[in-house]
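Step one of this worksheet: look at the structure below.
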Amino acid sequence: MKREKRMMEEKGKKTKKAAGKAKKDHNRNYENGKNKKLLSIRTKLLGIILPMVLLIVVALVGTAYSITKMAITGYSRSLLRTSVENQVSEIEAWLSENLSAFGAVKKNIEQMELTDAQLQRLLDGYYGYNDNYPQGVYIADENGRLLTASESDKEESDPVDTVWFQEGMTRVNMGFTGAYSNSKGEPVISASGIIDEDSDTLRVLSADLSLQRISIIVNSYIGMDGAQAFLVNSTDRSILAHRDSSLIFSKLESSSDPLLSDIAKKLEANELDMAEVDGELTAFEEIEGTDWILVSYIPTEIVYQQVDNVRSAMIIVGIISILLLAVLIERVVYVVIKPVRELTNVIISMTEGDFTVRVNSRSRDEIGMMSRCVAKFVATMRDLIASIHGVSNKLHVQADNSNEVSGQMYDASKMQSNSMQELNETVEQLSISVNEIAENATTLAMVVADTREDSVQVTEKMQDTVTVSKQGKEDMQNVSQAMKDINDSTLKLQEAIDKVGHASEEITNITGVIANIAEETNLLSLNASIEAARAGDAGRGFAVVATQIGQLAQTSAESVNNIDKLISEIKGLVKDTVTQAEVSVKNINSSSVLVGDALLTFDTIFNNVEGVSQLVQAMIEKVERVDEVAANVAAISQEQAASSEEILASSDTMVEQANHITGNSENVANGAKELTGSAEELAHQVEIFRIE
């Protein structure tokens, strides 16, 4: 019993300790989370969205810049290519025009078979006729004779050795020679060809074209601002036309300009595709019918100037767009996050136990749905906490009542134990008295037997008989008094047994009340567990308390069942004891009657001692009757002794049961105290919530 009590106390302490530890852990975790620096959702969203917007804008600007650069570069290349082609077309048209004019002159000379005078007039007519060839045309024969316009100042020491004559001898149709310096040192090209006529002397018609004129043409038809062009001979890579006249006839390889040197390398490698050379976008175009190549170039910084302008504009637009998007996103995030912030404040208040907060749920989006759910949860928690408050108060009241009832039951059981102890002592004294009566009755039977045997010598031993009669009288008086005492003790025993029966009935009523309280407490614990399970994490501590209360209620119910069983056994024993006591009372009353008769007989014997001699026979007969009565008394005394031993054993059992009831009552009292403590703990835990 003490071990069970100690186990229940240790179990209650562990439960309180675990509940306190869980509460401390919850508070510590909450305080740790509260002390940590809060990073708002607004900051997170802005920290994620703004860098992404920045990257997207930068990517868009970079992509647009790349596309624009490619478009402008392609357009510039196309424009440069068109410019070069136009220049080449103009040069080719200019050369073709002049070559056609020279061909017409040659054809007229061949068809008209002119005399020297006519030929001279023809030559004079072409002098100054065209700015492209201001010296007009001239003719030289294989003998070294040179015919020129009268006003022409052209002079050749040996016309046959000139470039124009040597190349003219190789073709019938008019064609252009390479660039060379004439006798005056002027850079020119010549159109020359053999005059097809019936003559033994070969003659060559020729006309000089100034390269300065070609340079003007080359630099006059450039279609791009900032672009430049020059004409070069692909055979020897000499410059034929250039804006800088000092470079005419110079070799590209010997130039100190890196651009010209790199262009010479590309011409040598026959790489005539448009390319970027030393920071210049360079295009190459061959002039049909000649060995000439027109090279046109423009600095890439001029080409990319528009790209840079576009890039600067895009950067400015991108920065403005980022700023506008940042402001717009910040406002949108603020509008979206504001309900979340309000909901967060509500949840923080709920975490601190304040359920008096109000939740605004005006929006119809997910956040509004969340707010409405939280509002519903707050309302539910208000009702639940209010209900728990009520249950806690009821549980506290019931625990106090259980404690009071258990105290009363403990006092009653203790009183019953004391009564049973007194009954046990009384029964023990009764057993001793009955044993003495049995011994005395046996002695009386032996004395009567001896008296019957010695009846013959009665007369002689009358005096002894008188003495024995006196002694017998005194003994019978003592027996009468002992029987009276036994009768009184038996009555007291019967009254004590009746009290035990009434106490058992009261205990049965008390245990019924306790059983009802335990059953109601168990139902309350079950309801509290269900409500705690509905509350989720917030109700775990209350769930532990509710489970402990349920276990205490179950233990109380089991103790009540044990007490009912013990009371039933005690009732059975009390009933047997009452029955046996009634039998003993009847036997004691009979014995009292017999003892009274024996006392009267001894009085008669004592009074009629002098007439004993006459009444010896009668005395013998009476002695025989006394012998029978003594035998009956001895048998009855033995039966009473056996009954008193049984009563004593039953009394010991009742004492043990009463002690057991006292221990169970003490356990019930301890359980009621623990229930009171649990109710106080539950009330303390519920007090942290505010609902009003």
Side-chain angles (χ1 to χ4, degrees), residues 80 83-84 86-99 102 130-136 138 152-156 161-168 175-192 206-222 224 226-268 272 277-278 280 282-299:
L80 182 60
S83 176
V84 171
N86 291 334
Q87 287 178 282
V88 170
S89 297
E90 291 294 332
I91 293 172
E92 289 178 350
W94 180 77
L95 292 175
S96 176
E97 178 184 355
N98 291 313
L99 196 61
F102 298 150
N130 195 318
D131 293 337
N132 294 327
Y133 45 94
Q135 296 295 330
Y138 53 90
S152 176
D153 57 357
K154 182 174 180 60
E155 295 180 356
E156 294 289 349
D161 293 333
T162 59
V163 174
W164 55 269
F165 187 84
Q166 293 293 330
E167 292 187 10
F176 290 106
T177 65
Y180 67 95
S181 296
N182 58 15
S183 58
K184 295 179 181 181
E186 297 174 350
V188 296
I189 60 171
S190 299
S192 60
S206 179
D208 295 335
L209 298 174
S210 176
L211 290 180
Q212 293 293 341
R213 183 66 179 172
I214 296 176
S215 296
I216 294 173
I217 295 174
V218 167
N219 291 286
S220 297
Y221 292 96
I222 299 175
M224 294 182 68
Q228 298 183 25
F230 64 90
L231 194 63
V232 64
N233 192 335
S234 61
T235 303
D236 57 2
R237 290 179 295 281
S238 61
I239 299 175
L240 302 177
H242 199 281
R243 182 173 294 179
D244 188 0
S245 59
S246 63
L247 295 177
I248 297 175
F249 286 141
S250 63
K251 302 292 184 181
L252 292 176
E253 297 88 14
S254 61
S255 176
S256 60
D257 189 352
L259 175 63
L260 299 179
S261 299
D262 292 337
I263 290 174
K265 293 177 182 178
K266 294 184 77 65
L267 292 175
E268 184 179 0
L272 302 180
V277 181
D278 289 331
E280 305 283 343
T282 307
F284 304 88
E285 189 70 25
E286 295 178 340
I287 298 176
E288 188 177 358
T290 65
D291 294 331
W292 302 348
I293 295 177
L294 180 65
V295 180
S296 182
Y297 58 92
I298 184 172

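We're numbering straight along the sequence, starting at 1.
Residue Leu240 holds its CG atom at 9.5 Å from CG of Asp291, rounded to the nearest 0.5 Å. Note that NZ of Lys154 is 5.5 Å distant from OG of Ser183, once rounded to the nearest 0.5 Å. How far CG of Leu231 is from CD1 of Ile287: 4.5 Å, rounded to the nearest 0.5 Å.
Under the 4.5 Å side-chain criterion, counting only non-hydrogen atoms from C-beta, Asp153 is in contact with Gln135. In this structure, Gln87 and Ser296 have side chains that are in contact, with non-hydrogen atoms separated by less than 4.5 Å. Side-chain contact check for Asn132 versus Trp94: some heavy-atom pair is nearer than 4.5 Å. Using a 4.5 Å heavy-atom threshold, the side chains of Asn98 and Asn130 count as touching. Looking at heavy atoms from C-beta onward, Ile239 lies out of side-chain contact with Asn233 at the 4.5 angstrom threshold. Between Phe230 and Arg243, every side-chain heavy-atom pair lies at or beyond the 4.5 Å cut-off. In this structure the side chain of Phe284 reaches within 4.5 angstrom of the side chain of Leu267, judged on heavy atoms. Using a 4.5 Å heavy-atom threshold, the side chains of Asp208 and Glu186 count as separate.
Ser255 and Ser261 get closest at one heavy-atom pair: O-OG, 3.1 Å. Contact detail for Ile298 and Glu280: the closest heavy-atom pair is C-OE1, 3.1 Å.
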Inset, instruction - Could you walk me through whether Tyr180 and Ser190 pass side-chain hydrogen bond (donor to acceptor under 3.5 Å, both in side chains), step by step? - result: CA-CA 9 Å; Tyr180 67 95; Ser190 299; 2.3 Å; yes
Inset, instruction - Step by step, work out the side-chain hydrogen bond (donor to acceptor under 3.5 Å, both in side chains) result for Asp236 and Ser238. - result: CA-CA 6 Å; Asp236 57 2; Ser238 61; 2.9 Å; yes
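The one candidate from Trp164, Phe165, Phe102, Tyr133 that meets the ring-ring contact (aromatic ring centres under 6.0 Å, His included) condition with Tyr138 is Trp164.
Heavy atoms from other residues, nucleotides or ligands lying under 6.0 Å from CD of Glu288 number 12 at most.
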